[in-house]
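Contents: one structure, followed by commentary.
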Amino acid sequence: MRIFDPHIHMTSRTTDDYEQMAAAGVRAVVEPAFWLGQPRTSAASFVDYFDSLIGWEPFRAGQFGVRHFATIALNPKEANDPRCRPVLDLLPRYLDKDAVVAVGEIGYDSMTPEEDEAFAAQLALAVAYELPALVHTPHRDKARGCERTLAVVAESGIDAGRVVVDHLNEVTVKLVRDSGCWLGFSIYPDTKMTPSRMVELLREYGTDRMLVNSAADWGRSDPLLTRATGEAMLGAGFSDDDVDKVLWRNPVEFYGQSGRLDLSDLEDPAAVDPETGNSILRGGS
Ligand SMILES: [Zn+2]
């Protein structure tokens, strides 16, 4: 089973995690910039964090044979802190980097006017830099948060096919599916979505535009729940090809839209276009 975890915060994880993930089949990850728990007191603090997401962490992942990509943004929670707002001006410098495959995590935490503004500004950056966008949905008041999220996405003019709306569940899945955006599901050990509930959603809604992640971070979480979901799919009668689509080809297709997802060292020869010799996994232009 080959696995691409499209949302995981490796900065908060140990080398044991990397080892176990690699053994479980995780070959590539995307690490979105997010809230680190401890409030940051200045934009300079983000510079060091962003630099580590595109420098140190890919190096660390490489020690375990895992490819590491990042998404960069001012996260929804810290968008409310005036000390962090200048981060918005730093983003263009990072959105030009090859290791950055989307703008994210953006979206809503408490749905404040400050979050509205940062969300819209960063969707505009995604359009300007021709990058996909990773959108976090609030954990409280999910349905309303999701509706408002989709309205802002539609208003921004970004192509829905270049947006993943994340942390979905049974309440929000249909709304997002009907919007044309990609659907992200974070599988957690004891809250939110579980592998068996995920399997039910895949049965009901199919495997198109579906992304499964562990969203493992500094809280109680488990980087192996992508693998557990693949196994739950097989146990429920899904084929190896279905599992490969959800856990590998879908995230590759989504982030491939950045034109920066070079996985040529990981792929099998069949994935190389015989005419041009180019990797089809690179996607985009
Ligand atoms: Zn996250």
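Counting starts at 1 for both ligands and their atoms, following the listed order.
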Checklist entry - Looking at Arg249 and Glu253, does any basic side-chain N land under 4.0 Å from a carboxylate oxygen? => result no

Checklist outcome for this item: Test side-chain hydrogen bond (donor to acceptor under 3.5 Å, both in side chains), reference Asn213, set Asp5, Asp166, Thr229, output is Asp166

Taking both backbone and side-chain atoms into account, decide whether [X] has an N/O/S atom under 2.8 Å from the Zn ion (ligand 1).
X	result
Glu105	yes
His7	yes
His9	yes

Item to check | Partners passing side-chain contact (heavy atoms from CB on, under 4.5 Å) against Val47 (at least two apart in sequence or in another chain) | outcome: Asp51, Leu90, Arg93, Tyr94

Item to check | His136 and Tyr108 aromatic centres sub-6.0 Å | outcome: no

